[in-house]
Amino acid sequence: MEERLSAVLSPYEGRKDALIPILQKVQDELGYLPDDAMLEIAKTTGLPESRVYAVASFYAQFRFTPRGKHTIMVCRGTACHVRGAERILEETERSLGIVEGETTEDQKYTLETVACIGCCALAPCVMIDEDVEAKLTPQMVPEILSGRNE
Amino acid sequence: MMNFTEIQEQARQEWDSLQSGSVPVIAVGTATCGRSAGALGVVQAFEEEMSEKGVEAHIVEVGCIGPCYAEPLVNITKPGRATVAYKNVTKKMVTEIVDNYLKGDDPLPHYTLGSFGEGTVENIPRILDTPSFKPQERRVFRNCGVIDPTNINHYIANEGYNGLSKALTMTQSEVVEEMKKSGLRGRGGGGFPAGRKWEAGLNAEGDQKYVVCNADEGDPGAFMDRAVIEGDPHSVLEGMIIAGYAIGADTGYIYVRAEYPLAIRRLERAIEQAHEKGFLGNNILGTDFSFDINIFPGAGAFVCGESTALTLSIEGKRGMPRVAPRPRTTEQGLYDKPTLLNNVKTFSSAPMIITRGAEWFASIGTEKSTGTAIFALTGKVNNCGLIEVPMGITLREIIYDIGGGVADGGRFKAVQTGGPSGGCLPESLLDTPIDYDSLDEAGSIMGSGGMVVMDEKTCMVDVARYFLDFTEIESCGQCVPCRLGTKQLLDILKDICAGKGKKGDIDLLIELSQSVHGGSVCGLGQTAANPVLTTIRYFRDEFEAHINDKCCPAKVCKPLISFRILEDKCAGCTLCAKSCPVNAISGEKKEVHVIDQGLCVQCGVCMEKCPKKFSAVECLSPKLPVAPKETTEVVA
Amino acid sequence: MAGLATSLGSGAMTNSIAEISGASTIFAIGTNTTQAHPVLALQAKKAAREGANLIVANPKEIDLCRHATIHLQHRPGTDVALVMGMIKVIVDAGLADMEFINSRCENFDAFVDSLAEFDLASVEKITGVPGELISKAAKIFASEGPSSILYCMGITQHCHGTDNVWSLSNLALVTGNLGKASAGVNPLRGQNNVQGSCDMGALPDVYPGYQKVAKAESKKKFEAAWGVSLSDQEGLTHSEIFDDIHDGKITALYLIGENPYLSEANANHAIESMNRLDFLVVQDIFLTETAELADVVLPAASFAEKNGTFSNTERRIQRIRKAVDAPGEAKPDWQIVAAIASRMGAQGFDFEDEAQIMNEIASLTPSYGGISYERLEGGGIQWPCPTQDHPGTPTLHVEKFGTPSGKAQFMPLSFRDSAELPDDEYPFLLTTDRSLFHYHTGSMTRRVAGLEQLDSEEFLKINPKDAASLGLEDNEVVQIASRRGQTQAKTKVTKICPPGLVSMTFHFAESPTNVLTSPALDPVAKIPETKVCAVKLEKV
Amino acid sequence: MSKVTLTIDGLQIPAKEGMTVLEAAQASGLYIPNLCNHPDLKPAGLCRVCVVKMDDWKIAISCKLPVKDGMVISTEDPEVQQIRKSTVELLVANHPMTCLTCEADGDCELQRVAHYVGITQENLNRYRRSVRSIPIDRSNPFFDFDHNKCILCGICVRTCDELQNINAIDYAQRGVDSIISTLANKPIAESRCESCGECVIRCPVAALAPKGAQEPMREVKSICSYCGVGCGVMLGVRGQKVVSVEGDRDNPVNKGSLCVKGRFGYRFINHPERLKTPLIKKNGTLEEASWDEALDLIAEKFSNSKGDKFAALASARITNEDNYLIQKFTRAVMGTNNIDHCARL
């Protein structure tokens, strides 16, 4: 991890202003933000370590635990809400046996919600990794999950 | 390097040869919404079909033209004919279209949305004559769905960078003056006159100034900015460059949501191309004006839509809005330097204002709200999608003409505008004209353009709870009224939805809403209670039903509803029992089934599964009594 | 002390603590300020935060570097080269304050001649600091004043500590940074009343107020005041005393509030010496390691149990007040001394209270002439305060220097190596520092459970590269040996120390660092070189 | 700075330009309730409790509102009252009701504003109460951090930043989950915290509270006995025991600031191992003796060692008066200048 990290961090010596792009790049590289990585970011940028965490924990994009192989993001946008997103979320939670914010024990799925993925016309929808599953009903949930059950 | 006239000439040639060449042009909308609907598969299908069948045509990926309900959308232009727009295209349809229209001459009218452009096609109506498009006026969306957003020449050929070229021949004050005269108001939602902001940016003192584009589109239910960036990224860049020239800035930032990867890629590409052509970088178009643009992917915080939070975020800090009294962003913004911050659509409007003049821009719309408004029309409406309409059009026209009315034959109940900061307006206000001031008066706001239609199956208490859930999560938490006020409002609304509402809750909601409005630091907090206040104002009876009668009239709030199988209608088909996720339904085949109210989680699957011909499951509110022994607490 | 006294006429901090935050440039050299003087460090950090240049010169990447504009990470013991190199840059660039030099200083020409050897290339070679960084720091110091110099034991505890100090007074003089607010040369005193002890003449060569014992005039004055005849022979310094004890020349030692068992450089020598004494009296508040060697131990009152005054690092005389009774039969130190004197039949020790003693001090010490307990009721007074109506002196040397001629002396210098440098046998350079949580030999702080919890044992700080080369991990016990002794401590692998440099505190009796340190003395100040010695390390 | 006059609730009060309305009010002895303000720190304007109405139309936060000549301020305008009341009620509804066992009881700013605003049980009962249940961070030996009592005023964060420049803590998370945190919310003892306690003394509630603190019966003004900076301290005394140390805000050196040793390193004073009687070495061991015995022995031995056979090492730890007498004794009684002290170490 150390090498991958220092490769990402090397252009950012003393760059206090670049904290958010740094966090994004480190998360891209490592999948999440381990404590040690945040410490290293603090050292590189010259920011206090508390500040690195303060900023990282403010933004929804950053995670502090490893994610599952697939990330399922249930959209909770308004259009999705009025078209039954809550039931999609419940059904997904039931199918996976976890609640929002958790990762399945086999590290296969992480379940999250997202403010809006901007596919309001196709509501309700769920984003699995990079793909959008549109116009869902609760019954379709097990099916879209099993599609990724490899 | 070529001068602008030469650049334009080259671009026109490329565009014209595409438009009036001998080969058909197939334009597929591959913006995010199109992709979600399968547009990339459609592109692939065309490629495969055509190579297999030896058909020649240009495939162009374009942005979103708006009617998301019709995605994937494919526009085919055969030489000398009008463009035919195909809706909801599937792979199977691709085969038919290739066979019948590209190889043959049957445009398959039943697959089409309509036609546009010069000429006509038999049996296909012109799109702009359809009720859904007639009231629309495409200005900000002028290029979306028409040009290839990854090709700068397409943009240039369609008046692109004309505004910049013209602006550079004007003085800075002349540019600002033109913007002021246009009457353009900030399209981010607040509606502050853009020209006045530019003027303040010009007048602010400082060697270093910035231009920042707010593309942190965070309202749930809004995706107009994404569509503009994905479909016409250069219009945003051009607007920013003009703004940079007008106020004397040399650096711009686009703060764009990281959840919009395609938009970011389009911007990156566009910036690169603008550099190549000399629209960005040093000595733009041979003048001594230099300007560059950086992309800043936002990391996911709704509050960063607030200008001071956004600039702090670019600086690598927590996006916590600065506390008033504070200097204006135009005086002290990014890195405490004078900063002009506008929304995507505001910047995108600037080039046309400069090119065509302020009078042209102000020729539509109302006196105080000129130009067009863009909405993401979604929810329980037939024609979901992005629309661009002249200011002053009524809500009714939008929902019933453009939107095609309430979906699934439902009854209109409310329309929500302005996202979490806005409000829900009832049927009685449907004739309210769309402009900043009228919406404000009605208790909602223009916002950045989300418009969500709700029908009688939408519970207004639940809607208020939904929005508070959103603002509570998105509150930055620095000030007490917003941090704890939104939570308290949410807790009360959750209780009401759960049947635990108390007498006096409505008064407390109103009282707290006023305090959160008056006491919060920033706009997010100050408007956070709008959805509560408007729902109480227009739908107070629903609140009272929840609190006093433990009844959810829309039958949405689970703790207040029960499902029951009607003995006289149940045929014992067992479908419901099989699909019940918690095995709460019992009954033998061909016998009446029964729902165990103690086990039921009110998911409603049984009702959906029950064949229409039986319609044996009904939903009731208030709840049926549960046998005391088997009581289970259900938490919404 | 002795260094600044020669060049400027006073060995104390020239300016005040409150002035630090007003400086435009702060040059902190040989001071780990945030650890050793945390509250004073607040001023430096505040200044840096508000835009002042903070130039930190330290072989280690100390905490203060986080706030610094420039960190000059020079090799230990190369301060003279670094500072003289900076001065040469300033003079060569025409940034010297010639008006100040001409009107207020002497010996500039000879001094300039001595700069010849300090060209940037040589200085870079000696110090290991890139020449351009030195040049940048020098130019900032000279052109963005007022510039204030802060230093501490990292400057003085060298065999050429006086040269180090002189290099700093040269730097301040050449840039005209003396005699004005927020400038100056400011030695930070390590202990609460070092300044006062010196002021009071607890030194072998001077009476209170730095009146030379060798001077007939002062001898006469004190003989008259005390009614006895006095010696005009200068006494022995701290280290010399231990040498004379070792040699049997001194047979009785009266040792008050000190723990040389742990604090003395080359501690084994001190311990051996004390064992040779005929009679050792130790007066302290705890039974320290040293007290255990004593023939008689006398119980003293702590600061909370007596009245009196302390003089802080900025020459401010402040009142301490009795809060509680001393435990058992413990007494304030002055009462014990007075009791011994009386028991020996001496006159002039029958004081009723501390205020009376202060009156005698004031009558004999010109710089304390205007001090009385009444006047100290407010916020304390900074000496010189010669008369009852004098307000005290926040900034020294405003009009003239305290030297005989009234002018400051430029001190020509040449670079000398430390007495003991690493070699093949002892390949690492050991330097000593302090922990924020402990004080000196820990006789007080190690008895505070909370401080002990925060910092309970010695760690040898070592660079990751060095640790790797020795196969050492973090938190492993290592044997540290010098030519004089050996001890053990756990490792703390950290980039704070550059490769080749290791560092320890001396707070912990379990790991007595000072058995390792070098007794090489500065010839003028007689301060041992605890900041540089050669050690070898071995994994245990 | 020029003088201005403003009106607060009908009272004309003088102020200096550059002051905030809150400062001006406080300088005139007027109380405007506030929680996140601290005179040593820049105003944050986050608690919103110091809300006022300016010139009859504008709601403003008095801690950030600069005074202007002729300004008219109301603290009792109905809108102001409502915002203030809701805000305080919200804080109380989210705060543990353990006042009597709380460290801050009687000296709690939240109690003070609640009392001023007039919170009634009846009003409070309308709210959904919700108190956090985060384990108390007891890792620091000198103070505890109870996030459940924290009102997120940020005074600790600003103290650690603006005054100490240490930044051991900061805001983390957001919204209702906001919490004052170290990196990854690790125990504070594992952070960069230097235990200076400056945040602890400024905490308006008892989210940060000294461990085992005892209210002193009386305070004695003195000077810290550690390093040479010479910080002014107030020694808190009960009976014959020092039970607390606080920075002396009137002292020109430290203006109230202290470091970890100065604030918390006082327990050696009443330590059981303190020497209580003279000890004389008999047969190789130190035994308790009377002062007479010890003084006689010393007088005898010292009388035989006069001149350069004698040396005294005074101390940089003791007072000027102590040092003066020791050098006087050495020179005048013992007849030698062999006197030095540990200045060089």
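Chain naming here is simple, since letters A, B, ... match the order of the sequence lines and numbering starts at 1 in each.
Using a 4.5 Å cut-off between heavy atoms, C:Ala449 makes no contact with chain D at all. For a residue to count as touching a neighbouring chain, one of its non-hydrogen atoms must lie under 4.5 Å from one of that chain's; by this rule C:Arg66 touches chain D with the side chain only. For C:His67, the part lying under 4.5 angstrom from a heavy atom of chain D is the side chain only. With a 4.5 Å cut-off on non-hydrogen atoms, C:Leu287 touches chain D through its backbone and its side chain both. Neither the backbone nor the side chain of C:Asn514 comes within less than 4.5 Å of any heavy atom in chain D. For a residue to count as touching a neighbouring chain, one of its non-hydrogen atoms must lie under 4.5 Å from one of that chain's; by this rule C:Ala291 touches chain D with the backbone only. Proximity to chain D is absent for every atom of C:Phe222, based on heavy atoms less than 4.5 angstrom apart. In this structure, chain D has a heavy atom under 4.5 Å from the side chain of C:Leu364, while its backbone stays farther away. D:Ile280 touches chain C through backbone and side chain together, each having a heavy atom under 4.5 Å away. With a 4.5 Å cut-off on non-hydrogen atoms, C:Leu451 touches chain D through its backbone and its side chain both. Only the side chain of C:Phe279 comes within contact range of chain D, with heavy atoms under 4.5 Å apart. Within the 4.5 angstrom heavy-atom criterion, only side-chain atoms of C:Glu305, from C-beta onward, approach chain D. When heavy atoms are compared at a cutoff of 4.5 Å, C:Asp199 does not approach chain D at all. Both the backbone and the side chain of C:Val324 come within contact range of chain D, judged by heavy atoms closer than 4.5 Å. When heavy atoms are compared at a cutoff of 4.5 Å, D:Ser305 approaches chain C solely by way of its side chain, counted from C-beta outward. If you measure heavy-atom distances from C:Val296 to chain D, the contacts under 4.5 Å come from both the backbone and the side chain.
Ranked by non-hydrogen atom pairs under 4.5 Å with chain D, the options C:Ile340, C:Thr313, C:Val448, C:Val297 are led by C:Val297. Ranking D:Asn304, D:Thr285, D:Leu297, D:Thr330 against chain C, the residue ahead of the rest is D:Leu297, based on heavy-atom pairs under 4.5 Å. Most heavy-atom pairs under 4.5 Å with chain D, from the set C:Gly196, C:Ala252, C:Gly308, C:Ser311: that is C:Ala252. Put simply, of C:Lys45, C:Gln335, C:Lys46, C:His438, the one with the most heavy-atom pairs under 4.5 Å next to chain D is C:Lys45. Interface remark: of the candidates D:Gly236, D:Cys227, D:Cys231, D:Ala289, D:Cys227 forms the most heavy-atom pairs closer than 4.5 Å to chain C. When each of D:Asn270, D:Asp250, D:Leu235, D:Asn140 is checked for heavy-atom pairs under 4.5 Å with chain C, D:Leu235 comes out on top. For the set D:Cys196, D:Ser225, D:Ala299, the entry with the most heavy-atom pairs within less than 4.5 Å of chain C is D:Ser225. Contact count versus chain D (heavy atoms, under 4.5 Å) is highest, among C:Asp325, C:Leu230, C:Val282, for C:Asp325. Counting heavy-atom pairs under 4.5 Å between each of C:Ile17, C:Asn307, C:Asp295 and chain D puts C:Asp295 at the top. Per-residue counts of heavy-atom pairs under 4.5 Å with chain D were compared for C:Ile336, C:Ile317, C:Leu188; the largest is that of C:Ile336. Chain C forms the most heavy-atom pairs under 4.5 Å with one residue out of D:Ala311, D:Pro278, D:Gly232, D:Gly230, and that residue is D:Ala311. Heavy-atom pairs under 4.5 Å with chain C were tallied for D:Gln240, D:Glu219, D:Arg267; the largest tally goes to D:Gln240.
C:Asp232 meets the side chain to side chain donor-acceptor pair (under 3.5 Å) test with no other residue; sequence neighbours excluded.
C:Glu360 has a carboxylate O that lies under 4.0 Å from a charged side-chain N of D:Lys328, or vice versa, which qualifies the two as a salt bridge. Between D:Asp292 and C:Arg343 a salt bridge is recorded (basic side-chain N to carboxylate O distance below 4.0 Å). Checked for salt-bridge contact, D:Asp161 and C:Arg49 meet the test: a charged N lies under 4.0 Å from a carboxylate O. Using a 4.0 Å cut-off between charged nitrogen and carboxylate oxygen, D:Asp308 and C:Lys249 do not count as a salt-bridge pair.
The two residues C:Ala323 and D:Arg218 have their closest heavy-atom pair at O-NH2, 2.9 Å. Nearest heavy-atom pair across C:Pro299 and D:Thr277 is CG-C, 3.4 Å. The two residues D:Asn337 and C:Ser231 make their nearest non-hydrogen contact at ND2-O, 3.1 Å. Minimum heavy-atom separation, C:Gln453 to D:Ser139: NE2-O, 3.4 Å. Closest of all the heavy-atom pairs between C:Ser302 and D:Ile269 is OG-CG2, 4.0 Å. Looking at every heavy atom in both residues, D:Phe142 comes nearest to C:Leu454 through CE1-CD1, 3.6 Å.
Crowding of C:Gln347 atom CD: a count of heavy atoms from other residues, nucleotides or ligands under 6.0 Å not exceeding 12.
Using a 30° and 60° split on the angle between ring planes, D:Phe310 and C:Tyr254 fall in the tilted class, from 30° to 60°.
Inspection of the C:Thr309 and D:Asn320 side chains reveals an N or O donor paired with an N or O acceptor under 3.5 Å.
Looking at D:Arg274, its side chain does come within 3.5 Å of a backbone N or O of C:Ala300 through a donor-acceptor pair.
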(request) Would you check, one step at a time, whether the test ring pair (Phe, Tyr, Trp, His ring centres under 6.0 Å) holds for D:Tyr226 with C:His440? (result) CA-CA 9 Å; D:Tyr226 284 109; C:His440 247 248; over 10 Å; no
(request) Might you work through the side-chain hydrogen bond (donor to acceptor under 3.5 Å, both in side chains) test for D:Arg317 and C:Asn193, ending with a clear yes or no? (result) CA-CA 6 Å; D:Arg317 319 302 329 286; C:Asn193 200 29; over 6 Å; no
(message) D:Ile326 vs C:Ile256, test: side-chain contact (heavy atoms from CB on, under 4.5 Å). Steps then yes/no.
(response) CA-CA 9 Å; D:Ile326 290 160; C:Ile256 299 154; 3.2 Å; yes
(message) Between D:Lys301 and C:Asp278, is the salt bridge (Lys or Arg N to Asp or Glu O under 4.0 Å) condition met? List the steps.
(response) CA-CA 9 Å; D:Lys301 292 280 189 183; C:Asp278 285 346; over 6 Å; no
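Atom CG of D:Leu313 and atom CD of C:Glu258 lie 5.5 Å apart (nearest 0.5 Å). Note that OG1 of D:Thr319 and CE of C:Met358 are 8.5 Å apart. Values are rounded to the nearest 0.5 Å. Note that NZ of D:Lys255 and CG of C:Leu42 are 10.5 Å apart. Values are rounded to the nearest 0.5 Å.
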Can I get a per-line list of side-chain donor-acceptor pairs under 3.5 Å for residues 327-334 of chain C, giving both atom names and the distance, sequence neighbours left out?
unit_1	atom_1	unit_2	atom_2	d
C:Asp333	OD1	C:Gln283	NE2	2.8
C:Asp333	OD2	C:Lys306	NZ	2.9
C:Trp334	NE1	C:Glu354	OE2	3.3

